[in-house]
Each structure stands twice: as C-alpha cells, then as structure tokens.
Amino acid sequence: THLSINLLPFNPSEDQINTQDVYADLLSGKPVVSRNVDDNKINAYAIIKDIYGEPALLLRVDMIREIYQQGQKASKNLGGLFLVVGTLFGLIMLWLIKKSIFNRLDELSQSVARIGIHKDLSERLTVEGNDELSTLAKDINLTLSQLEQVQLKLQESREQYRQLFEDSFSANYISTHEGRLLMCNPAFLDLFGFKSVEEAQSYSLQKVFPTVESRQEFLSLLIESKY
C-alpha cells in the first residue's frame, strides 16, 4: 500500500472547492474526514492542534484504494462492503499516525505545561529529529530564552531600584491617596523618629503635614506632575 502523508497550513479561508467542505466538517467537531478523490485514491484529513488547543496544521493522508479496486474487479455488488473496509483501514492508519506523531505532540505539550507550572524559564524542551515538531520545539526554546533574558533584566532593574530606594539619604516613601503608608526607607524612619516600618505604617501620614490644606496642595502637585 502506498501512503502519502502531508502536513498543510490550516487555512479554512483558502479558495479551493475540494477542501472547503473538509474544513467545514472538521470545524464542526469531526475528528477525521475522508474524501474519495477518484476510484483509485482516497484522502483522509485531520486537524493537528498547537499547544494552546487551536488548529495549527491540516494532516492529509493519501492512500491508494487497492482493496477497493480488487473488490470492483471481483463484483460490483460488493463495492459498498469494500468501501467500509477501506474506511476502517484508513482509521487504523490514522491511529498509527497518532501513535507516532501525536504522541510527540502530547509530550511537547506536557513539557510546556510543566515549565509553566514550575515557572522556570531556564528549562528547555528536548529537540529530536528535523521535522515540523522539532522546529516548533526550537521556536519555543527560543521564546523561553528571550523571556528568561527579560526576566533577568527585570530582576536586575528591581534590585537597582530597591538599592536606590533603601540607600538614599532622602526620606522616600510610598503611600495611598488616603495617607496609608505602604513602604519607606531608613532615612524616612530616622527623619520622623520611627523605630520600624510597622510603627510607621500604624501612623497616618496626614499628620505629617501641618495643615489639611498643605497636604491637599502637595497631592495636587503630584497629580499635575503625573507622579
């Protein structure tokens, strides 16, 4: 039996009459759709989804209908029976394809999910072979590498900000609009005589200002400056 396997871009909008009804059946929920090309050939279609569960590729299997041809030669009355056998044969072939290709895709999906659970961007997917799945794994590894670099730069930026905030000789603090202290640096504690951040947080910052008007004026300046 001659079997031809093709992976095609999933494009339901393509203007091809012979595939429009295939896309319609697949998108309606059918896992496998088969179409008779002629008396000698049959095509089977299935959707390969990406790691997010969205259609990514269209799997097409081309098969020579040898059994059907033999049935036609033996008796035209048995043609319907041989068509059923050919369909079952196609389903078996699709099952074998699932074992050899879809399992790799499942392993790829599980690896990505594991990285997401661990939140470890330093992990990488195992790349095997030189096909579409290996290319997808390489692309995912490249994305993970880029995200890891961004995360490292963000951590570095946060550390620099923390050091600048903590080590500054000026009294720095962050509070809500209502005057509830969220965080402050040691210079702020020394300036107002607080022994700890917890003690400072129990104190309303509204009392720091001599008058209510002066605080409102200060808040207005912050709003105008977009701080």
Side-chain angles (χ1 to χ4, degrees), residues 1-72 79-121 123-147:
T1 300
H2 300 285
L3 181 64
S4 174
I5 300 175
N6 299 275
L7 288 174
L8 308 173
F10 190 83
N11 185 15
S13 61
E14 65 180 351
D15 188 18
Q16 295 186 19
I17 298 177
N18 59 339
T19 58
Q20 287 178 350
D21 61 334
V22 172
Y23 280 116
D25 289 345
L26 289 174
L27 293 176
S28 67
K30 294 182 178 179
V32 177
V33 174
S34 60
R35 291 292 183 272
N36 296 332
V37 179
D38 50 33
D39 291 339
N40 299 318
K41 185 177 180 182
I42 183 173
N43 289 345
Y45 300 86
I47 294 176
I48 296 180
K49 296 183 179 181
D50 59 19
I51 58 177
Y52 301 106
E54 298 297 329
L57 298 173
L58 179 67
L59 176 66
R60 189 188 74 195
V61 179
D62 303 331
M63 293 175 288
I64 302 300
R65 302 172 65 186
E66 295 179 351
I67 299 177
Y68 178 78
Q69 292 174 4
Q70 293 175 4
Q72 286 292 316
L81 177 62
F82 280 103
L83 179 60
V84 173
V85 174
T87 303
L88 291 176
F89 179 76
L91 292 176
I92 293 174
M93 293 304 301
L94 288 176
W95 180 80
L96 293 175
I97 293 173
K98 179 180 178 181
K99 295 291 290 184
S100 60
I101 297 179
F102 286 11
N103 283 356
R104 289 181 56 199
L105 192 60
D106 289 340
E107 293 177 359
L108 189 65
S109 178
Q110 292 175 6
S111 298
V112 173
R114 183 174 61 254
I115 293 175
I117 294 174
H118 295 166
K119 294 182 173 59
D120 185 2
L121 297 178
E123 293 188 29
R124 295 294 182 267
L125 303 178
T126 301
V127 179
E128 297 179 352
N130 189 26
D131 52 13
E132 287 79 3
L133 291 180
S134 62
T135 301
L136 177 60
K138 292 177 182 178
D139 291 340
I140 294 175
N141 285 339
L142 178 60
T143 301
L144 290 173
S145 178
Q146 293 173 345
L147 290 175

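None of the values given here were measured: they were computed from a predicted structure. FYI, the numbering just counts along the sequence from 1.
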> Among all residues two or more places apart in sequence or in another chain, which pass the side-chain contact (heavy atoms from CB on, under 4.5 Å) test with Lys49?
Ile47
> Minimum heavy-atom separation for Val33 and Lys30, please, with both atom names.
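Val33 and Lys30 have their closest heavy atoms at CG2-CB, 4.1 Å.
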> Just how far is it from atom CD1 of Ile48 to atom CG of Leu59, taken to the nearest 0.5 Å?
4.5 Å
> To check you understand the geometry: which heavy-atom pair defines the closest contact between Ile42 and Ser34, and what is its length?
CD1-CB, 4.3 Å
> Are the aromatic rings of Tyr23 and Tyr45 close, with centres under 6.0 Å apart?
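Between Tyr45 and Tyr23, which both carry aromatic rings, the centre distance is not below 6.0 Å.
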> Quick one: list whatever passes side-chain contact (heavy atoms from CB on, under 4.5 Å) with Asn6, sequence neighbours left out.
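Partners of Asn6 under the side-chain contact (heavy atoms from CB on, under 4.5 Å) test: Ser4, Leu8, Arg60, Asp62.
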> Step by step, would you call Ile140 with Thr143 a side chain to side chain contact (heavy atoms under 4.5 Å, CB included)?
CA-CA 5 Å; Ile140 294 175; Thr143 301; 5.6 Å; no
> What residues form a salt bridge (charged side-chain N to carboxylate O under 4.0 Å, His left out) with Asp25, not counting sequence neighbours?
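For Asp25, the residues satisfying salt bridge (charged side-chain N to carboxylate O under 4.0 Å, His left out) (neighbours in sequence not counted) are Arg35.
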> Determine, step by step, whether Val22 and Asn43 satisfy the side chain to side chain contact (heavy atoms under 4.5 Å, CB included) criterion, reporting the C-alpha distance in whole Å, the side-chain angles of both residues, the deciding distance to 0.1 Å, and the verdict.
CA-CA 10 Å; Val22 172; Asn43 289 345; over 6 Å; no
